[in-house]
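Everything quoted here is computed from the prediction, not taken from an experiment.
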Amino acid sequence: MHAYNRLSSSAHSSPSPPSSPRRSSPRLRHGRNKSGRMQGSIGPPLPPRTFMQKFAWLLLSVLLKRHGLFLFAPLIYISGMLLYMGTVSFDAGEVVRHHLAPGSVYRSPQVFENLWPAMQIDNETHNTLIAAWQHPRDGEKWRPCIKETENNGGLPASNGYLFVEANGGLNQQRVSICNAVAVAYLLNATLVIPNFHFNSIWKDPRKLPEAVMEKFDNNMSNIFNFKAKAWSPVNYYEEKVLPKLLEDGVIRISPFANRLSQEVPPSIQRMRCLANYEALRFVDPIGALADQLVQRMIQHSSTSNGKYIAVHLRFEEDMVAFSCCVYDGGKEEKEELDVAREKGWRGKFNRTGRVIRPGQIRMNGKCPLTPLEVGMMLRGMGFDNNTSIYLAAGKIYKAEKNMLPLKQMFPLLQTKESLATADELTPFKNYSSRMAALDYSVCLHSEVFVTTQGGNFPHFLMGHRRYLYGGHSKTIKPDKRKLALLLDNPKISWKTFKQQMQAMRHHSDVKGIEIRKVNASVYTFPAPDCMCRERHMETLEA
């Protein structure tokens, strides 16, 4: 039986001993006076030697004369330390102040206090929201060009049914759907509506023919389940999965998200592109409210021609707890986050031998940015207090306190809670994925998108925005290591801070156009798999 599928058949010299030390000429010898100072030397008198210093010198001279240097090296080292300790004065207070590990103290509030007066004076934007972003150079604009497969002869007979179980949050499930479409196309299988782990959110029925279900005693668990490895190559599905599909007529793959390699034939890659950028839509209740929020955000941005910045801020309690970073809440903060860590990850952070260094975590750029830090960064990049900002976030940790400085710097800040009425949000409020879908839509249509932490949400948005806007994603992705270093200096000047932030903004602009590299995600870098280069002259002629 030949099943239809989308796949192609596819001599050593010894070193000279050191010369003997020269004896100094009697004429050059200097005696010592009663104070212990060398006669004939210049400078202030040396302090008298202590007993320990004299003992150490005596011991050292004896050992050298006896040629016992190597045998008594540890004693010599200890003697040297005693000498050093006898000539250096230690002030415990000074040692503590000058030897704190970089990043071990959250200094951003002090930096803000220092820079805030200069921020208020330097409040000229020069339309930064629009002018800050360069247009792509001639010949570097891209356009969507997904070529649909022609099926003039109709679809071939299906090889069977593919059933997958999608795991994770909103965008992890998006990965699952798009990859499942690609795998179904690859196997020439009929894709059953995936089983989402959050059934209370989606409530979509899963449909298998009655005859198929009877074959497995109406029990989905009886269907053979492939435990596919992450990033499985095409030949895995050809050699392992397809034969079982032909034998049983239905297969499961669970869990299923990143179970297909990034490197697949162009026809398979196009199915990913079609699913992600063209076919997938939010259901009507979500899409309708999302469109209203976008329009309301545009209306609130009248001072900037309807253009606004969207900021994805990850500063929820679980995110802060998981990072193990220390902020300015003292003992109360530590106790709260210890409880959150134990509740969410039961013993993960207090295992024997595990050492957590919050300062090192911060200097490595791993701490979630606070609302205060995001605000300072954007003001430094040239966005003034007339800039409209949409904040995409969950429940901010200690929001009443932590949101104050961000609102102080950007009074036109909005959230889905401020744009929508309580009644409008009621059907969504208890479902994190639905709320994330609203945020996704408003961020997608922003002039500039700011990502402060990694994850599927910003990666999908960057790719989607590249697809919609000529291959150029106006995204600010800060260098968090450099930012941590700058914010660790309470005395930094506004001029220096602003220069560094504008250089960071420019770097983000340059990175706005990027072509997918080997093993990179097509969902973040749609060109060239889902897009074609559009030459300048071709655009003019069109």
[X] side chain near [Y] side chain, heavy-atom distance below 4.5 Å:
{"X": "Leu208", "Y": "Val192", "answer": "yes"}
{"X": "Leu487", "Y": "Phe112", "answer": "no"}
{"X": "Arg466", "Y": "Phe525", "answer": "yes"}
{"X": "Val164", "Y": "Ser176", "answer": "no"}
{"X": "Tyr185", "Y": "Leu191", "answer": "no"}
{"X": "Thr451", "Y": "Phe449", "answer": "yes"}
{"X": "Leu412", "Y": "Thr387", "answer": "no"}

State whether the number of non-hydrogen atoms from other residues, nucleotides or ligands found under 6.0 Å of [X] atom [atom1] is greater than 12.
{"X": "Lys407", "atom1": "NZ", "value": "no"}
{"X": "Asn219", "atom1": "CG", "value": "yes"}
{"X": "Glu214", "atom1": "CD", "value": "yes"}
{"X": "Arg281", "atom1": "CZ", "value": "yes"}

Side-chain H-bond candidate by donor/acceptor type, [X] with [Y], under 3.5 Å:
{"X": "Tyr397", "Y": "Glu336", "value": "yes"}
{"X": "Gln172", "Y": "Asn456", "value": "yes"}
{"X": "Thr421", "Y": "Asp423", "value": "no"}

Less than 4.0 Å between a side-chain N and a carboxylate O, is that true for [Y] and [X]?
{"X": "Glu333", "Y": "Lys398", "value": "no"}
{"X": "Arg516", "Y": "Glu263", "value": "yes"}
{"X": "Asp384", "Y": "Arg379", "value": "no"}
{"X": "Lys348", "Y": "Glu342", "value": "no"}
{"X": "Asp509", "Y": "Arg505", "value": "no"}
{"X": "Glu424", "Y": "Arg296", "value": "yes"}
{"X": "Asp328", "Y": "Lys401", "value": "yes"}

Salt bridge (charged side-chain N to carboxylate O under 4.0 Å, His left out) assessment of Glu447 paired with Lys474: CA-CA 7 Å; Glu447 178 69 9; Lys474 296 180 181 180; 2.6 Å; yes
Mark yes or no for whether [X], through its side chain, and [Y], through its backbone, hold a donor-acceptor pair below 3.5 Å.
{"X": "Ser301", "Y": "Met297", "value": "yes"}
{"X": "Asn188", "Y": "Ala157", "value": "yes"}
{"X": "Ser446", "Y": "Val442", "value": "no"}
{"X": "Thr370", "Y": "Glu373", "value": "yes"}
{"X": "Gln269", "Y": "Gln262", "value": "yes"}
{"X": "Ser388", "Y": "His300", "value": "yes"}
{"X": "Thr524", "Y": "Ser521", "value": "no"}
{"X": "Glu316", "Y": "Gly394", "value": "yes"}
{"X": "Arg434", "Y": "Pro427", "value": "yes"}
{"X": "Asp479", "Y": "Lys482", "value": "yes"}

Full working for side chain to side chain contact (heavy atoms under 4.5 Å, CB included) between Lys477 and Lys511: CA-CA 9 Å; Lys477 189 177 181 182; Lys511 301 289 281 186; over 6 Å; no
Measure the spacing between [atom1] of [X] and [atom2] of [Y] and express it to the nearest 0.5 Å.
{"X": "Lys229", "Y": "Ser261", "atom1": "NZ", "atom2": "OG", "value": "14.0 Å"}
{"X": "Asn179", "Y": "Asn258", "atom1": "CG", "atom2": "CG", "value": "6.5 Å"}
{"X": "Ser323", "Y": "Leu337", "atom1": "OG", "atom2": "CG", "value": "8.0 Å"}

Cys178 vs Leu280, side chain to side chain contact (heavy atoms under 4.5 Å, CB included): CA-CA, chis, key distance, verdict: CA-CA 9 Å; Cys178 297; Leu280 276 181; 3.9 Å; yes
Pair Asp439-Lys416, salt bridge (charged side-chain N to carboxylate O under 4.0 Å, His left out): steps then yes or no: CA-CA 7 Å; Asp439 280 339; Lys416 52 187 173 291; 2.8 Å; yes
Test: Arg259 cationic atom under 6.0 Å from Tyr236 six-membered ring centre, within 45° of axis: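 No cation-pi geometry.
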Charged tip of Arg362 within 45° of Tyr327 ring normal and under 6.0 Å: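 So Arg362 does make the cation-pi contact.
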For [X] versus [Y], what's the shortest heavy-atom pair and its separation?
{"X": "Ala182", "Y": "Arg272", "value": "CB-CG, 3.9 Å"}
{"X": "Thr475", "Y": "Arg465", "value": "OG1-NE, 4.3 Å"}
{"X": "Met531", "Y": "Cys145", "value": "C-SG, 3.2 Å"}
{"X": "Arg481", "Y": "Asn364", "value": "NE-O, 3.3 Å"}
{"X": "Arg341", "Y": "Val320", "value": "NH1-O, 4.4 Å"}
{"X": "Tyr467", "Y": "Cys530", "value": "CE1-O, 3.8 Å"}

Residue from Phe457, Tyr390, Tyr440 passing ring-ring contact (aromatic ring centres under 6.0 Å, His included) with His312: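 Among the candidates, only Phe457 passes.
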Aromatic centroids of Tyr523 and His459 separated by under 6.0 Å: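 Between His459 and Tyr523, the centre distance exceeds or equals 6.0 Å.
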Ring centre gap for Phe163 and Tyr161 strictly below 6.0 Å: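 Distance test on ring centres: not under 6.0 Å, no.
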Verdict with reasoning, Leu289 to Leu438, per side chain to side chain contact (heavy atoms under 4.5 Å, CB included): CA-CA 8 Å; Leu289 182 57; Leu438 297 176; 4.0 Å; yes
Verdict with reasoning, Phe410 to Asn385, per side chain to side chain contact (heavy atoms under 4.5 Å, CB included): CA-CA 5 Å; Phe410 293 99; Asn385 63 358; 5.6 Å; no
